[in-house]
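Letters A, B, ... are given to chains in the order of the sequence lines, protein chains preceding strands, and every chain is numbered from 1.
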2 protein chains.
Amino acid sequence: MKTADPELMRAINRFHVMDAIRRFGPISRVEISDRTQLSATTVSAITGALLDDELIITHQLGGIRDAARGRPRVMLELNPAAAYVVGVKLALDQITVATTNFRADVLSSLVLPIRLQRQSVTVIADLVEDGIRRSVADAGLTMEQISGVCVGLPGVVERLAGVCRASPIFGERDVPFAAEMTDRLGGVVATIDSDVNLVTLAEHWFGQARGLDDFLVISVEAGLGLGIMHNGELFRGANGLSPDLGDLMVRPPTGNGSTRLASAASEASIVAEAREIVAGGEHEHAFRLGRGLEKILELAEAGDPQILALLERAGGALGFAIANLITLFAPPKVIMAGAALEAGDALVGPIRRTVAELLPPSLADVSDIVVHHWQDDIWARGAAAMTLRDLYGAPWNTTGPVVHR
Amino acid sequence: MKTADPELMRAINRFHVMDAIRRFGPISRVEISDRTQLSATTVSAITGALLDDELIITHQLGGIRDAARGRPRVMLELNPAAAYVVGVKLALDQITVATTNFRADVLSSLVLPIRLQRQSVTVIADLVEDGIRRSVADAGLTMEQISGVCVGLPGVVERLAGVCRASPIFGERDVPFAAEMTDRLGGVVATIDSDVNLVTLAEHWFGQARGLDDFLVISVEAGLGLGIMHNGELFRGANGLSPDLGDLMVRPPTGNGSTRLASAASEASIVAEAREIVAGGEHEHAFRLGRGLEKILELAEAGDPQILALLERAGGALGFAIANLITLFAPPKVIMAGAALEAGDALVGPIRRTVAELLPPSLADVSDIVVHHWQDDIWARGAAAMTLRDLYGAPWNTTGPVVHR
DNA sequence: TCGTTTAATAAACAATGCGGATTAAATCTG
DNA sequence: CAGATTTAATCCGCATTGTTTATTAAACGA
C-alpha cells in the first residue's frame, strides 16, 4: 500500500468514476454521484477532466427520462476512440488476435490455426507480431494508435516481470515474452498474462460474473487453467505468479502413483486416452484428423460405455480439484468452460456429483457451479480489459505499471 | 475500496506511521519519515496527534547515536497502556486465555485443561467468560479497561459475521459465538477468528515471517489449520470465511474411497491409528492416559517400523496437500507447526520428500518450508494483534468494524 | 411568458500533504 | 566557554482535494 497524498486521492476517485461509467454507462453525473457516494461537485470536476482528456464523451440523447421535469441529465460514456488495444491468445493449436477499442468492443479479429508446440520462441513471436500488425490494419488503425497489447497464454506467468515461467507453448522456461514483443512492436508496450486470468477479468466485466466480487473460473482446454477473482481483484500468487490448475495433484503418491490433474482431465489427456480406446476401430480415423474431441462427444452422446467411463474418471478428477478449491476459497460461483464440457452431462455430471460428495457439509451450498460456453472473442476482450484497466489506473494495487528489466 | 477523501488520506498515513512504530519502535520521527516516504512535516503532525491521543509515548533515552552531532532524535514507541485486549484460544482439550497490552506483551495468561468436545455452547461460553474475567483480574485490570476480546478456534469461521460455521469444538453449526461473548462481557466487543489466522498474524508481526508479505502457515494439532498471508493481508475466502485445511481431500473417490486430510494427518487421526497398532501391547497404557502422541514420538525415535510407516503415510498426505497449496499460492515460505512435527524427520521427512516430488518443476524452489515450535502464548499474541489491528485501523480493507446482526 | 423542477457548476471552506524557512538541542572548535 | 556547526523537529505558506451551500442552466407546465 502506498502512502496517501492528494494525487492518490484523485486517482482513486477518478478510477471509481471511470469504473461507474464503464459498468453502467451511458450514465449521468447524478447517477455516478449516487453510485460512488462522491459529491456531485467532485463528480463534475472529475468528469470535466475526463472530458478534456477525451476519455469519455457525452451522449446527448437523454434517453428515457423517469421524471419528465427539470433539466435533463447529460449522459456520459466511454469514448470508444480514446484508445485501442490488441488482445492475443496463444493456444497449442492456434493464435487468436483481436483489436478492440476503449470499450473493449472487438473491431477486428483473426485466427491463425497453427500448431505452436514445436516452434521456437522467435518463430512464435514472429507469428504473433504479424498477427497483431494484420489485425490492427484490418481495424483501420496504425500501430501508433495502439495503446497496449496483452498476450494471454496457458501456464505459469509472472505478469509484472513479463516472464512466462512455464507453458505448454514454449519448450523453454522463463521466457521473457513481454519484453520480446515490446521490442518488436516499437514503442507499444506488450504485457503477458495467464489466459485464464484474461477470461476471468472478462467474466467480471462482461460475462456471467458481472458485479460478482468472488468467483473461480476453470477452463478445460488443451491444458487446464484456473482464474481466481477475490474481493474484486484478480488473485495472483506471490510475485504475481498465476497458478496452473493442471499442476495440481489429484492423487497421493501411495499405491499407483500420483497424477497431475493435467494428465487426468485436460482435453489433451482425454483425447489421448480415448484414442487408445478406439485404437484399431472404425472411429480411429477422426482422431487422426484432429477431430478427436468431436468424436468423443459423439460417442458419449451415443452412450459408448468406455467413453462414458473415461469421462466419468476425468470428471471425478476435476470434481476432486474443484471441491478442494471451493474448500479453500468458498466462492459463491464457479464458472467452467471448455469444449470438452459440451459433452452434456457425461463430463459435467460426474464433476457435480464428485464436488457434492467431497465438499464438507459446511460448504455444501455456498458455490453455484455453472458452465459457460465462451465465444472466441471473450479472450480478446479480457486481454483488452486487462490493458484498459492499466489505462484507467486502479491506483491502490500492485497492478501498477509493468516494467521489463 | 472506499472512495477517497482527506479523512481517508489521513487514516491511511496514520496507519503507516503506527505500523512503522509498531514494527521498528522505538523509532525516531526522521526514521519514520524515511521508511514511510512521508514528509517530515506530515510525520510530525501525525505523531503529534498520536501523542495527544496517548497511543504512543516518547522514549527520551536517545540510545545509540550513530552521528554524535546535532539535535538528538526523540524516540517514539507504542504506549503499552494505550489499550488492553484479551486473546482466547479454544482447543479440543483446553482453553487458553491471555491478557495483553497495546504492544501485545502478555500480562497474564492461564490454561484451563478441559475437554470441550461434548459441551454445549452455553457451557463453553461460561468457561470462556470466567477465564477472561480471571485473566483480566490477574493482569490487575478491570473489564472496563479492555478494548476488545478475540477468540480463536479451529474450523470454518466467518469473522465479520462473528459466526463459527463449523468446528470440532461445537456440536452445532453456525454458532454466533462472537455475539454470545459480546453479550456476556457487557460492552466489550468480542470477535472470533480461525485459530490459524491468529497465529499467522502473529508470525507476521512477531515470528518467523516478520516483514514477509506472502507465506502459509500450517498447523497440525488435533485438527489441521491453514493460514494464508497474501500481499501483507490475511487471506480469507469469500465472505471472510477461513478455509479449513482438514477439509481438503487428499485422495480421489476412485478405488478405496476419498479421504479428508483431517482423517489422514491430523494429530487426532495419527494417535487413533497408532493406538490400533499398539493395541494389546505394552504401550497401550500411554494412549489410555492421553499421552499417545508422546508415545508415538518415542516409538518413532526408537525406530518402530509400524509407527514410522504410519508417519510416512501421514506425511505423504500432508505433503500432497502442501504441494497443491504451493502450486496455488507460490508462497516464498511455508511455516509448519504442531506437536506431531516434533517427531524429528519421521513426519517432516516424508512431507518434504512428497512436496519435492509432487511440485511442478517451475515451482521447485520458490518455497522454503520451515518448522516452527510455537510457544503457547503465540496464539494469544495473535489474537491481540488481530484486535489491535482494528484499533490501529487499516482503513482500506474490509477489515473494518465487526458488526453482529 | 413565467414559475417549477432537476442537473450541473461556481464560490467559499476545511482538511491534508509538501517544500522551504525557522527554531531547538545537542556537539565541535578555537 | 562562547560561538559555529550539525541534525531534528516544527512553523508557515501553498497547492490540491472533497464537501457544503448557493447559483446558474435547461428542460416542462400552466
Spacing between A:Ile32 atom CD1 and C:dA7 atom P, to the nearest angstrom | 13 Å
Taking only the side-chain nitrogens and oxygens of B:Asn13, find out if one of them lies under 4.0 Å from OP1 or OP2 of C:dT16.
-> no
Taken to the nearest whole Å, CG/A:Leu38 to P/D:dT20 is 11 Å
Give a yes or no answer on whether the side chain of B:Asn13 reaches the backbone of A:Ala4 with a donor-acceptor pair at less than 3.5 Å.
-> yes
A:Asp5 has an atom CG; how far is it from atom P of D:dG18, in whole Å?
-> 12 Å
Tell me which nucleotide among D:dT17, D:dT5, C:dA25 gets nearest to the side chain of B:Pro72.
-> C:dA25
Test: A:Arg22 cationic atom under 6.0 Å from A:Trp205 six-membered ring centre, within 45° of axis | yes
Pairwise 5' ranking along DNA chain C for B:Gln37 and A:Val30, keeping only the more 5' one = A:Val30
Of the nucleotides C:dC18, D:dA9, C:dA8, which one has an atom closest to the side chain of A:Ser28?
-> C:dA8
Between CD1 of B:Ile46 and P of D:dA9 the distance, given in whole Å, is 15 Å
Taking CZ from B:Phe15 and C1' from C:dT16, how many angstroms apart are they, rounded to a whole number?
-> 19 Å
So what does B:Ala45 hit on the nucleic acid, given a heavy-atom distance under 4.0 Å: a base, only sugar-phosphate, or nothing?
-> nothing
Starting at atom CG of A:Leu8, determine the distance to atom C1' of C:dT16, rounded to an integer number of angstrom.
-> 13 Å
Would you please test A:Ile228 and A:Arg236 for side chain to side chain contact (heavy atoms under 4.5 Å, CB included) and show each step?
-> CA-CA 8 Å; A:Ile228 303 162; A:Arg236 297 183 155 89; over 6 Å; no
Which residue lies more 5' along DNA chain D, comparing A:Glu7 with A:Ala40 via nearest heavy atoms = A:Glu7
Check the angle between the aromatic planes of A:Phe329 and A:Phe235 and answer parallel, tilted or perpendicular using the 30° and 60° thresholds.
-> perpendicular
Of the options A:Val74, A:Thr42, A:Val17, which is the one that meets A:Thr47 in a side chain to side chain contact (heavy atoms under 4.5 Å, CB included)?
-> A:Val17
Round to the nearest Å and state the distance from A:Met9 atom CE to D:dT16 atom P.
-> 12 Å
Of all the nucleotides listed (D:dT19, C:dT27, C:dT16), which has the minimum atom distance to the side chain of B:Arg69?
-> C:dT27
Minimum-distance nucleotide (side-chain atoms of B:Thr42 versus D:dT19, C:dG17, D:dT6) = C:dG17
Taking the side chain of A:Thr41 as heavy atoms from C-beta outward, which of C:dG17, D:dT20, D:dG18 is closest to it?
-> D:dT20
May I have the distance from A:Leu51 (atom CG) to C:dA8 (atom P), rounded to whole angstrom?
-> 11 Å
Phosphate-side-chain proximity, B:Arg73 and D:dA9, N/O vs OP1/OP2 below 4.0 Å | no
Per nearest nucleotide of DNA chain C, the residue lying toward the 5' end, B:Pro6 or A:Glu31, is A:Glu31
Could you tell me whether the side chain of A:Arg71 has a donor or acceptor atom within less than 3.5 Å of a complementary atom in the base of C:dA7?
-> yes
